[in-house]
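Report on one structure; see the data block that follows.
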Number of protein chains: 2
Amino acid sequence: MTRQEARHTQRIPLNRDRVLRAAVALADATGIDALSMRRLAQELDVVPMALYKHVANKEELLDGMADAVVGEIDPPAAGPDWQRVVRGRILSARRVLLRHPWAARVIESRTGPTPAVLAYLDSMAGSFRDGGLSADLTHHVMHAMGSRLLGFSQELFDTSGPSGPPDPGLAARYPHIAELAATAAHDGGSTVGGGCDDQFEFEFALDLLLDGFESLRRQGWTSARKA
Amino acid sequence: MTRQEARHTQRIPLNRDRVLRAAVALADATGIDALSMRRLAQELDVVPMALYKHVANKEELLDGMADAVVGEIDPPAAGPDWQRVVRGRILSARRVLLRHPWAARVIESRTGPTPAVLAYLDSMAGSFRDGGLSADLTHHVMHAMGSRLLGFSQELFDTSGPSGPPDPGLAARYPHIAELAATAAHDGGSTVGGGCDDQFEFEFALDLLLDGFESLRRQGWTSARKA
DNA sequence: CACCATAGGTGTACGGCGTACACTCGTCAA
DNA sequence: TTGACGAGTGTACGCCGTACACCTATGGTG
């Protein structure tokens, strides 16, 4: 077998899809900060510049990765109860985001919305409208949800991790936070170590918002502002 | 005047505070992406490595910048109505964040909470507790607020910018979004161009959440979960 | 068949980044 | 006088994204 034949048989040609797949896998495995064009090329057994035949630049690569992730979200389930429909889909989005922890930051960093995100938001707006919310209310509701629509928990800092024993000095400086941490500590649930039950917190906020929206819908809320 | 005297008189010695101040100013002026150690050093008329006598590395510089910004938030006003107190402080935080548009991303990207952020959160937790919310409820409420506590609007994409005339093809592909954009377009308010009234949207979501919290407080809500 | 345009992969190179490390030099205590 | 020390310097290394010129196999056209 000549070298050319060997190369011929073993090497499937690159294409945009394979590049994006590999990028997502690499980000999953090593984190978004470790994702460089050079590293990705190496993973694909190719010289870095080869990637540029399939994506214009790194920004476009990130766009494609964001779209790939958003495309993993389940389609909306049918049903008469709009809160259930929306809730279910958002929790699906959250599961996707948990599979790809880097994705939240990437999606947020896109300057404009990518097609898949637009499609998702459009479909989500449709769910609200189908549920009987006015266009006016739906608009503000979508804003109020913000990135929570895509399952971001948008915590201020990462509550996971080792966390270890609480710093005693910290309790003195930040008494209220210490008190909160104490209440969180002595209930079991899905939180084994020290942290909070992120899933509970997410659903708590989500349901609070959805209930608020439904209440506004029932009372025929309309934005009072006009020129 | 000798060269030494000239140097002596014109050059105030660097210190951590001056470095942080300059970094914030530079980020305000040119954006966070344009902030590099080299560029910052140049701004301070100093060689890049000089900065490392005052900050350990770039991450610590960003930590310091985050703390500086959070430190600009007004202290809590006193008052019997906890919703007013919290609301006022969050709107102050939002004003600060609008002055430093890069700050949201920087704060979010910190791996652990910085001291100023901790102090802010602690004080905020205190406001909830003073308002009569239980430690339990306060805990979940803080999570539900998430980064909104610091005034992040956490929109999915930037609604500012030129935006221009709406793409007609876009309306066909995303009919619900087009409908929402239409409702947003034909009301005046503080939105002159095409975009939404971000301040209205922010306060809408904020008040919805605060009202929800107060409602839970009144009905003596407690998290039902236990081991 | 000969030809050549084209698409995909290569190699080299540039400018920018964060920062390690060894240095100089002015100040000040002993 | 000396010697430690803190602040600023200079050089260098290994990353990064990517412009640009190049090679080469492929496939349509005369």
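Just so it is clear, the values below take in all heavy atoms, side chains as well, and ignore hydrogens, waters and symmetry mates. Reminder, nothing fancy here: chain letters follow the sequence lines and each chain counts from 1. Predicted model only: the values in this text are computed from it and were never measured.
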Length of the line joining [X]:[atom1] and [N]:[atom2], which is rounded to integer Å:
X	N	atom1	atom2	value
Asn15(B)	dG6(D)	CG	C1'	14 Å
Asp33(B)	dG16(C)	CG	P	16 Å
Gln42(B)	dG15(C)	CD	P	16 Å
Leu51(A)	dA7(C)	CG	C1'	16 Å

Distance from Arg38(B) atom CZ to Leu51(B) atom CG, nearest 0.5 Å?
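CG of Leu51(B) is found 11.0 Å from CZ of Arg38(B).
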
Classify the ring geometry of Phe213(B) against Phe128(B): parallel below 30°, tilted from 30° to 60°, perpendicular beyond 60°.
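Judged by the thresholds at 30° and 60°, the geometry between Phe213(B) and Phe128(B) is perpendicular.
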
Residues forming a ring pair (Phe, Tyr, Trp, His ring centres under 6.0 Å) with His100(A), sequence neighbours excluded:
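Trp102(A).
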
Counterpart residues, ring pair (Phe, Tyr, Trp, His ring centres under 6.0 Å), relative to Tyr174(B) (two or more places apart):
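With sequence neighbours excluded, Tyr174(B) shows a ring pair (Phe, Tyr, Trp, His ring centres under 6.0 Å) to no residue whatsoever.
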
Report yes if at least one side-chain N or O of His54(B) is closer than 4.0 Å to OP1 or OP2 of dG8(D); otherwise report no.
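Checking His54(B) against dG8(D): at least one side-chain N or O falls below 4.0 Å of OP1 or OP2.
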
Residue from Asp33(A), Leu26(A), Ile32(A) passing side-chain contact (heavy atoms from CB on, under 4.5 Å) with Thr30(A):
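When Asp33(A), Leu26(A), Ile32(A) are each tested with Thr30(A), the side-chain contact (heavy atoms from CB on, under 4.5 Å) holds only for Leu26(A).
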
What is the per-nucleotide protein-contact pattern of nucleotides 10-23 of chain D, from the 5' end, where B denotes a base atom under 4.0 Å from a protein heavy atom, S denotes such proximity for sugar-phosphate atoms only, and - denotes neither?
B-B---BBBBB---

Salt-bridge criterion met for Arg94(B) and Glu203(B) (N-O under 4.0 Å):
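Glu203(B) and Arg94(B): not salt-bridged.
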
